[in-house]
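Following: one structure in structure tokens, then a few remarks.
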Amino acid sequence: MKKIFTKLMLLAVAATALASCAIDDTNDVATLPGVEVSINATTTDVSRSAFGELNGTTYPTLWEGNEEWAITVNERYGKLNNSDITFSEDGKTANAKRTFDGDGIAAADTYTLYLVSPYDACSKPGATSTLTINAAQTPSTTSCDPKAQVLVATATAEGNPYFETTFHHATAYGKFSFVNLNLGDATVNNITIESEVAFVNKFTYAFDGGTLTDAGASKLLTLATDATENLWFACAPVDVSGKKLTFTINTSNGPLSKVVTMPANSVFKSGVVAQFGVDMKDAQFAEQVKWELVTDAGALAVGSQIIIAAPEANYALSTNQASNNRTATAITKDGNYLADPSSDVQIITLEEGTVAGTFAFNVGTKGYLYASSSSSNRLHSSTTKNDNCSWKITIADNGEATVLAQGTSSRNFMRYNANNGSPIFNCYASNTTTGTLVAIYTLPSTDPAISASNIEVSAEGGDGVATYSVKNMTDDVTGKSNTDWLTAVVGGGEILWEAEPNYTGAARSGEIVLTSAGAGVSKTITVSQAADVFEVSATEISLGADTDATATFTVTSTHAFTLTSPDYDKVALSVESGKGEVEVTVTILVPNSSNSEVSRGNIVVTRTADNATKNVAVKQKAASTGDEPAAKTYTFTITKDDFNSTSYAANNNEKTSIATATDGSTMEVKWTSYQVMNQSSTMQWQKSKGYIYNSTDLGTIDNVVVDSSAGTFTTYKGSSAQPTTNGTGGYFQIKVGGATGKVNTITVTFTK
């Protein structure tokens, strides 16, 4: 059974007559015997139906094959594709068969069918469905974009799931040409239509009544074509009477626009093609407003206006706040620029964030963009500025921007997600592979400005070259350092800096100020220098009573150092100078024949440049008399309660445990931890850095058991504090590998 619409709609646009033709609905029987369960499927790019040649006042809708329809039978969702659909030779009718496998559709007295074509427009049709009418369409010269032509059908069946139904057009259509157009030598990039009434993107469709209502709709439609005549498009059925429509031809010479106030009774109707012309007489190329890609975060400042876009796609963050994200809207790029963004594009004003070195993204009456969840991907707006609204921005030379919120929400990584044809901007966990980084565009300021990035310097100091750039001014920039350990020579786009070595033991920062006296502007660069390290692993070592007894300790120093023995006739050192991490072996050259421990003096470690020193006391054990008490076996346990939860650094100190012998006697054991803390009811070790070692000689270590739930741990034993190789003796050291460690308990058994 075929239905043909014969109504005409008359519409005048820009003083050019407009006529409308109806569309012949695509018909006929969808046969679905043996329905058992739903089929869930993903969307794919497919060809859709097209319009046939005009037949009087009717355009027939023809199936072209390679179709995909969304289907629901008794609230079970699925997909029909070429394997399920048979098309008539003339393309006017289609039959479909599909047996659903798996979960099964229960037998019923009545079956209800809903169909939507194409599948991309609605994956789960129902009595009330969300339909997507693409806001970016690629028309042909004879038809609108098949992916934007949305057809719907519904039917009920008694006793068995055999349906006879007819597709109807949910979408309305337009076909127009520009008249009195003079492009000169310009070439056409694309066409946009911007309406005061939202007419594309997401709508709620009610099968009962066939009405569409706004569900995140857009006012901007982009047609990917270089044609200026017979331009087809699909849209929602909307009343634009008395509303303004802006038709823009985006060309190589800039945009050429015409704003038209629609006359009374201007209505786009479902299943009807409105045909009209747009008179471009006297239209002038507008001066393009070009937004420039930001390739240096130093170019951003409080007060800057920005657009957040996809790096490799023609989409930008829109003004539309969806339930869990910001939708994307189409833009036009030209190299490192985008021109004349529509009103759907969100213009963001940068403000200071609540965290140092961050920006807050002011989006107007909706407040500030913020990362709103740690359990789900969420990007929302808040009227209150807080740390979750404070974004740290780093930008690579190619313009790819990493944008991270600095609050407690762990899904704080803003990214662009193509989202199977419904692109969005959202926040994800930092280790995500979903989507891509973003790009940031800003309006090139006409004010004179200096751009330069901050500088990071190692603790060893040295020199280097950084660059700066200028805009809207001549290069008369000078510079000076405001820090005594840093010098700078500035000119010709380069900053020649030199930093002294850092011996303070803490990170430090300074500033270089660039100034243009002629333009009256300045730029301050922060120079950060890492902390230096100067540590010894033990403040005391104990050697055996016999000649040639040895012990080891480690010196770690960013800068060069020397070692001095207290008495070269009695104490020999394996090394006398070094840099970095150096293990030192100490050998006693004389015996201790007395029955008491003796001091052999201090090994002095001296940092060469500034003469800072650290001492390691050398002691030699008493000679054996044969009257020593019998050895006992002791045990002590290190638990999470030996640490606080403040920070790693707050736990970097010496601690005490009580070891208990099998006979009940006890002894005090001292040990030191580094980068280990009480976190989430366990001992958490910072990867590659955390370690624990004892400073009390335990005699002979029998066993060290690390009860861990995460990470890889290595235990060393030796005859001196903080051993780094395996041996025998009363000292141990436990180190964590290249992943964060989590430990329940450490149990040490020793005999002394």
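Just so it is clear, the values below take in all heavy atoms, side chains as well, and ignore hydrogens, waters and symmetry mates. Sequential numbering from 1 along the given sequence is applied to the chain's residues. Worth saying up front: this structure is predicted, and the values here are computed from it rather than measured.
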Open item on the list: Which residues pass the side-chain contact (heavy atoms from CB on, under 4.5 Å) test with A136, not counting sequence neighbours?
Closed with: Y315
Open item on the list: Could you measure the distance from the OH atom of Y368 to the OG1 atom of T349? Nearest 0.5 Å is fine.
Closed with: 10.0 Å
TODO: Could you list the residues that satisfy side-chain contact (heavy atoms from CB on, under 4.5 Å) with T128, not counting sequence neighbours?
DONE: T204
Task: K244 atom NZ, over 12 foreign heavy atoms within 6.0 Å - done: no
- [ ] Grab the two heavy atoms, one from A70 and one from C122, that are nearest each other, plus how far apart they are.
- [x] CB-O, 2.8 Å
TODO: Starting at OG of S252, measure out to CG of D185 and round the result to the nearest 0.5 Å.
DONE: 6.5 Å
Open item on the list: Are N388 and N412 packed together at the side-chain level, in the sense that at least one heavy-atom pair is separated by less than 4.5 angstrom?
Closed with: no
Task: Minimum heavy-atom distance S270-A170, with the two atoms named - done: OG-O, 3.4 Å
Open item on the list: L317 vs V438, test: side chain to side chain contact (heavy atoms under 4.5 Å, CB included). Steps then yes/no.
Closed with: CA-CA 10 Å; L317 185 140; V438 298; over 6 Å; no
- [ ] Can you label the angle between the F247 ring and the F178 ring as parallel, tilted or perpendicular, going by 30° and 60°?
- [x] perpendicular
Task: Under 3.5 Å: donor-acceptor pair, side chain of D214, backbone of A217 - done: yes
- [ ] Go through the steps to decide whether V197 and M262 satisfy the test side chain to side chain contact (heavy atoms under 4.5 Å, CB included), and finish with yes or no.
- [x] CA-CA 12 Å; V197 178; M262 306 302 290; over 6 Å; no
Task: K243 NZ: over 12 foreign heavy atoms closer than 6.0 Å - done: no
- [ ] Measure centre to centre between the rings of F361 and F359, then say whether the value is under 6.0 Å.
- [x] no
Open item on the list: Less than 3.5 Å apart, any donor N or O on the side chain of E194 or S343 sitting next to an acceptor on the other?
Closed with: yes
Task: Main-chain N/O of T138 paired to D145 side chain as donor or acceptor, under 3.5 Å - done: yes
- [ ] Assess whether side chain to side chain donor-acceptor pair (under 3.5 Å) is satisfied between N253 and T251, documenting all intermediate values.
- [x] CA-CA 5 Å; N253 292 343; T251 78; 5.3 Å; no
TODO: Go through the steps for Y173 and T171 under the test side chain to side chain donor-acceptor pair (under 3.5 Å), then give the verdict.
DONE: CA-CA 7 Å; Y173 306 97; T171 39; 2.8 Å; yes
Task: Check against side chain to side chain contact (heavy atoms under 4.5 Å, CB included), I191 and T248 - done: CA-CA 6 Å; I191 309 293; T248 301; over 6 Å; no
Task: T192 side chain near L221 side chain, heavy-atom distance below 4.5 Å - done: no
Open item on the list: I need the minimum non-hydrogen distance between D84 and L80, along with the two atoms involved.
Closed with: OD2-CA, 3.4 Å
Open item on the list: Nearest 0.5 angstrom please: Y77 OH to T72 OG1, how far?
Closed with: 6.0 Å
TODO: Rounded to the nearest 0.5 Å, what's the gap from SG on C427 to CZ on R415? Could you check?
DONE: 11.0 Å
Task: Non-hydrogen side-chain atoms of L212 and P237 separated by less than 4.5 Å - done: yes
Task: pair E68-K79: side-chain heavy atoms closer than 4.5 Å - done: yes
Task: By salt bridge (Lys or Arg N to Asp or Glu O under 4.0 Å) - contacts of K219 (at least two apart) - done: none
Which donor-acceptor pairs under 3.5 Å do the side chains of residues 225-236 make with protein atoms, sequence neighbours left out?
{"unit_1": "T225", "atom_1": "OG1", "unit_2": "A227", "atom_2": "N", "d": "3.0"}
{"unit_1": "W232", "atom_1": "NE1", "unit_2": "T141", "atom_2": "O", "d": "3.3"}

Open item on the list: Using side-chain heavy atoms (C-beta onward) and a distance below 4.5 Å, is L181 in contact with L256?
Closed with: yes
TODO: Answer yes if the side chains of Q346 and S318 hold a donor-acceptor pair under 3.5 Å, and no otherwise.
DONE: no
- [ ] Supply the atom-to-atom distance I306 CD1 to W291 CH2, rounded to the nearest 0.5 angstrom.
- [x] 8.5 Å
- [ ] Could you pull out all residues at least two apart from N426 that satisfy side-chain contact (heavy atoms from CB on, under 4.5 Å)?
- [x] N325, N377, L379, I424, Y428
Task: side-chain contact (heavy atoms from CB on, under 4.5 Å) partners of T332, counting only residues at least two apart - done: N190, N250
TODO: Could you check if a side-chain atom of M280 sits within less than 4.5 angstrom of a side-chain atom of I249, using non-hydrogen atoms only?
DONE: yes
Open item on the list: Could you tell me if the side chain of K290 sits less than 4.5 Å from the side chain of D334, heavy atoms only?
Closed with: yes
Open item on the list: The test is side chain to side chain contact (heavy atoms under 4.5 Å, CB included); show your working for T436 and E312 and say whether it passes.
Closed with: CA-CA 9 Å; T436 69; E312 300 295 336; over 6 Å; no
- [ ] Kindly give the heavy-atom pair with the smallest separation between G126 and S129, and that separation in Å.
- [x] N-OG, 2.6 Å
TODO: Compare every heavy atom of L220 with every heavy atom of S218, then report the nearest pair and how far apart it is.
DONE: OG-N, 3.1 Å
TODO: Could you tell me the separation between the CZ atom of R326 and the CD1 atom of I308, rounded to the nearest 0.5 Å?
DONE: 9.5 Å
Task: Heavy-atom side-chain proximity of T165 to Y114 below 4.5 angstrom - done: no
Open item on the list: If I compare all heavy atoms of A328 with all of F425, which pair ends up nearest, and what's the gap?
Closed with: CB-CE1, 3.8 Å
